[in-house]
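Note that the structure is predicted; figures quoted are calculated from it, not measured.
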Amino acid sequence: MTTHRTPFRLVAAIAAGTAAALVMAGCSSGGTASTSSSSKPVDGGSLTYAIANDPITLNPTGTGAGNDTLAITRQLVDSLLWQDPSDGSLKPWLATKYSANADATAFTFDLRSGVTFSDGTAFDATAVKDTFDDIASAGASSTAAAYFSGYTGTKVVDDDTVEVDFGAPNAAFPNATSSVALGIVAPKTTETPFEDRADGKAVIGTGPFTLQSYTKNTSTILTKRKDYDWGPAARGGSGAAHLSKVTFQVVPEASVRTGSLQSGQLDAISSVQPSDVDTLQSQYDLVTRANPGQVFGLTFNQKRPIVSDLVVRKAIAQAVDPKAVRDTSLNGLFKVADSVLGSTTPGYTDTSSTISYDPAAAKKALDAAGWEKGSDGIRSKDGTKLQLKLVWITNFGPNQTSLELIQQELKKIGVGVTLESGTVPQYLANLTSGDWDLSWDNSSRADGDVLRSKFSSSGAQSIGASDTTLDALFTKELSQSSASDRSATFGEIQQRVASQVDFVPVHELTSIIAPATDVHGIVFGADTRLDQLTGAWKDAS
């Protein structure tokens with residue numbers, strides 16, 4: 001058994017997130033799947049786990065298909081720190097401890113010994129440096145780009161110690177090191193061009209599984225690393241996985257996933273749709289967890305003239321009834337959103353008193369601003385029609401129902417909306433083009449800093465608001481060494497987003513997995529994405 005060389009000393013104020021509580025409502029079994037079996041874990045066997053979308057890329061830091069990609073890549077790579085889902089705290093993993101300087105511009109990580117990559121290469125400080133430098137060099141091509149804002153480099157102090165430096169405070173960085181996107185990869189991976197890693201052949205990690213095969217739009221097959229012995233101790237089961245093989249099967253249709261689970265063709269299914277919950281909860285112990293981070297809602301592209309107008313944004317917010325949307329497309333497992341941040345996110349604050357559902361007030365405000373209804377019911381002003389383009393992703397089934405209802409609600413006040421859907425790559429291409437007025441999405445991360453990428457003027461996906469007040473607040477939270485101070489600042493950020501109507505919160509996301517009755521130990525991580533399957537097992541046949 002590999003042991004820690006040094007005690008783990010967190011810099012508590014920076015390391016701490018806050019609690020990311022489990023949703024325990026209805027059919028939830030919390031973070032694990034429990035069945036009537038009382039047997040001990042069984043070694044061996046294969047698990048077939050259905051995902052809704054092709055992962056697109058197996059590069060941990062590449063732009064893939066969201067949760068479906070991360071479910072796979074989490075099995076291939078380990079991270080420096082592990083975030084505890086029970087309280088949001090950071091615990092040892094590939095790093096045995098870390099410390100930060102006074103202004104949160106330098107972070108020193110002591111690394112665990114005895115760890116190897118799947119190709120036999122030793123894990124060391126150089127691999128950490130190469131991984132972080134590679135992410136920084138990839139820029140916008142990497143989903144981790146926002147974590148490296150102000151990055152000046154990583155120093156190899158010795159084989160077992162690295163110092164990560166920033167030109168400006170970045171108190172969010174320790175939390176980021178627990179993410180899949182910052183999973184450490186071997187030298188052979190970083191030596192391979194970033195764009196050539198999508199098929200996973202060049203992805204070499206220290207994780208509990210290795211890639212056997214990837215067949216696009218069909219399946220990804222992983223096999224167990226028998227020598228794995230360095231999972232986070234706080235998670236339990238830090239040794240090798242029980243399962244010998246895991247197949248992530250692409251099954252786009254929710255009804256087919258459900259039917260295949262019931263017929264015994266699948267061992268577990270992800271992305272369980274709200275419409276299937278009632279059926280499945282009577283047969284299986286569902287694994288559910290509320291997602292931290294940005295909730296589902298409407299974001300305004302304030303580089304576009306119409307929605308740069310606060311009057312228009314406020315009217316749209318008043319015309320959308322979040323509870324009606326939730327009740328129509330979801331169920332009680334999904335909380336009606338009352339802030340841009342989900343209620344399990346560090347620093348969450350209820351901002352629902354800022355603007356409430358009031359379509360009559362919305363109509364009155366648009367009338368006063370000179371937006372007149374035309375014969376088709378859509379308003380116009382000075383020859384410009386109040387017709388907006390809304391872009392969204394097809395990777396969550398209820399999205400279409402939610403958006404069609406919102407489309408109807410907005411039409412009642414004279415706002416026309418054209419819905420443009422697409423896969424994750426298509427959606428990102430739409431965002432990059434700038435040809436959109438509204439977007440519908442969410443972003444899961446157990447840190448309020450998740451908002452910075454979108455709502456800071458320097459963010460990778462900036463809404464273009466150029467709000468100096470918001471910019472100052474993000475600068476403030478990045479420099480704060482106290483967890484309570486950061487939480488207070490996140491409260492100010494949420495209030496500012498609400499008062500400027502930069503975002504219309506609609507509903508939180510709850511992730512749901514249905515395991516077969518003979519499957520045990522499937523859990524979510526703190527970010528409410530599938531954690532490593534080291535503790536998962538199946539009853540003996």
Side-chain angles (χ1 to χ4, degrees), residues 47-77 141-143 179-181 197-200 203 209 211 213-222 246-261 265-276 287-289 291 293-294 296 329-330 391-403 419-431 439-445 509-515 522 524-525 527-531 533:
L47 180 82
T48 302
Y49 182 101
I51 55 178
N53 303 278
D54 179 79
I56 300 174
T57 180
L58 297 181
N59 181 358
T61 189
T63 302
N67 292 349
D68 290 331
T69 298
L70 296 171
I72 300 172
T73 53
R74 177 77 287 175
Q75 314 308 318
L76 302 175
V77 298
S141 296
S142 169
T143 57
S179 68
V180 180
R197 303 175 202 165
D199 63 4
V203 177
F209 292 90
L211 178 67
S213 66
Y214 164 57
T215 305
K216 189 172 180 60
N217 294 318
T218 302
S219 66
T220 303
I221 301 176
L222 309 181
V246 178
T247 298
F248 288 92
Q249 193 79 32
V250 179
V251 185
E253 294 293 331
S255 60
V256 176
R257 292 196 298 274
T258 296
S260 297
L261 176 69
Q265 298 176 68
L266 295 171
D267 297 308
I269 62 174
S270 65
S271 303
V272 171
Q273 298 302 297
S275 58
D276 290 335
V287 182
T288 74
R289 193 175 192 278
N291 287 46
Q294 182 211 294
F296 269 109
S329 59
L330 302 163
V391 295
W392 59 286
I393 314 173
T394 56
N395 62 353
F396 181 55
N399 279 345
Q400 183 165 345
T401 301
S402 297
L403 291 174
L419 303 178
E420 186 167 320
S421 65
T423 61
V424 172
Q426 290 168 333
Y427 172 77
L428 293 175
N430 284 336
L431 288 184
S439 67
W440 171 267
D441 63 3
N442 79 306
S443 182
S444 296
R445 185 183 171 195
L509 175 65
T510 293
S511 294
I512 307 171
I513 297 172
I522 292 178
F524 285 116
D527 58 359
T528 312
R529 293 178 172 115
L530 181 68
D531 207 340
L533 291 166

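In this structure, the side chains of N430 and E420 come closer than 4.5 Å at one or more pairs of heavy atoms. Within the 4.5 Å cutoff, the side chain of Q426 has no heavy atoms near those of the T394 side chain. Counting heavy atoms from C-beta outward, F396 and N442 have side chains that stay 4.5 Å or more apart. No side-chain heavy atom of L530 sits less than 4.5 Å from a side-chain heavy atom of R74. Looking only at side-chain heavy atoms (C-beta outward), P60 and V203 come within less than 4.5 Å of each other. Inter-residue side-chain proximity for I269 and V251 is flagged as unmet; no heavy-atom pair is nearer than 4.5 Å. The shortest distance between side-chain heavy atoms of V250 and I51 falls below 4.5 Å. With contacts defined as side-chain heavy-atom distances shorter than 4.5 Å, the pair V287/P515 qualifies.
When all heavy atoms are compared, the tightest approach of S439 to L431 is CB-CD2, 4.1 Å. Of all non-hydrogen atoms in Y214 and A198, the two that sit nearest each other are CE2-O, 4.4 Å. Counting all heavy atoms, side chain and backbone alike, P274 lies closest to L330 at CG-CD2, 3.5 Å. D527 and N291 make their closest contact through O-ND2, 4.4 Å (heavy atoms, listed as atom of the first residue, atom of the second, distance).
A donor-acceptor pair under 3.5 Å is absent between the side-chain atoms of Q273 and the main chain of T258, judged by distance alone. Put simply, the side chain of T57 gets close to the backbone of N59: a donor and an acceptor are under 3.5 Å apart. The closest donor-acceptor contact from the side chain of N399 to the backbone of I393 lies under 3.5 Å. Of the possible polar contacts, none joining the E253 side chain to the A52 backbone as a donor-acceptor pair under 3.5 Å is found. No donor-acceptor pair under 3.5 Å is formed between the side chain of S219 and the backbone N or O of Q249. Remark: the backbone N or O of S271 is paired with a side-chain donor or acceptor of R257 at under 3.5 angstrom. A donor-acceptor pair under 3.5 Å links the side-chain atoms of D68 to the main chain of N53, judged by distance alone.
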**Prompt:** Can S270 and N67 be said to form a side chain to side chain contact (heavy atoms under 4.5 Å, CB included), step by step?
**Reply:** CA-CA 9 Å; S270 65; N67 292 349; over 6 Å; no
**Test log, rule side chain to side chain contact (heavy atoms under 4.5 Å, CB included), inputs D199 and L58** = CA-CA 6 Å; D199 63 4; L58 297 181; over 6 Å; no
**Request:** Verify side chain to side chain donor-acceptor pair (under 3.5 Å) between S402 and S329, making sure each step is shown before the conclusion.
**Result:** CA-CA 6 Å; S402 297; S329 59; 2.7 Å; yes
**Request:** Give the intermediate values and the outcome of ring pair (Phe, Tyr, Trp, His ring centres under 6.0 Å) for residues W440 and F296.
**Result:** CA-CA 7 Å; W440 171 267; F296 269 109; 5.5 Å; yes
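Atom CG of L266 and atom CG of L261 lie 6.5 Å apart (nearest 0.5 Å). Atom CD1 of I221 is separated from atom OG1 of T247 by 4.5 Å, given to the nearest 0.5 angstrom. To the nearest 0.5 Å, the span separating CZ on R289 from CZ on F524 amounts to 8.5 Å. Of the inter-residue distances, the one linking I72 atom CD1 with T220 atom OG1 reads 4.0 Å to the nearest 0.5 angstrom. Rounded to the nearest 0.5 Å, atoms CG (L222) and OG1 (T73) are 10.0 Å apart. Annotation: the span from R445 atom CZ to R529 atom CZ amounts to 10.5 Å, rounded to 0.5 Å.
For the ring pair (Phe, Tyr, Trp, His ring centres under 6.0 Å) test, residues two or more places apart in sequence or in another chain that qualify with F248 are Y49. T143 meets the side-chain contact (heavy atoms from CB on, under 4.5 Å) test with T61, T63, A181; sequence neighbours excluded.
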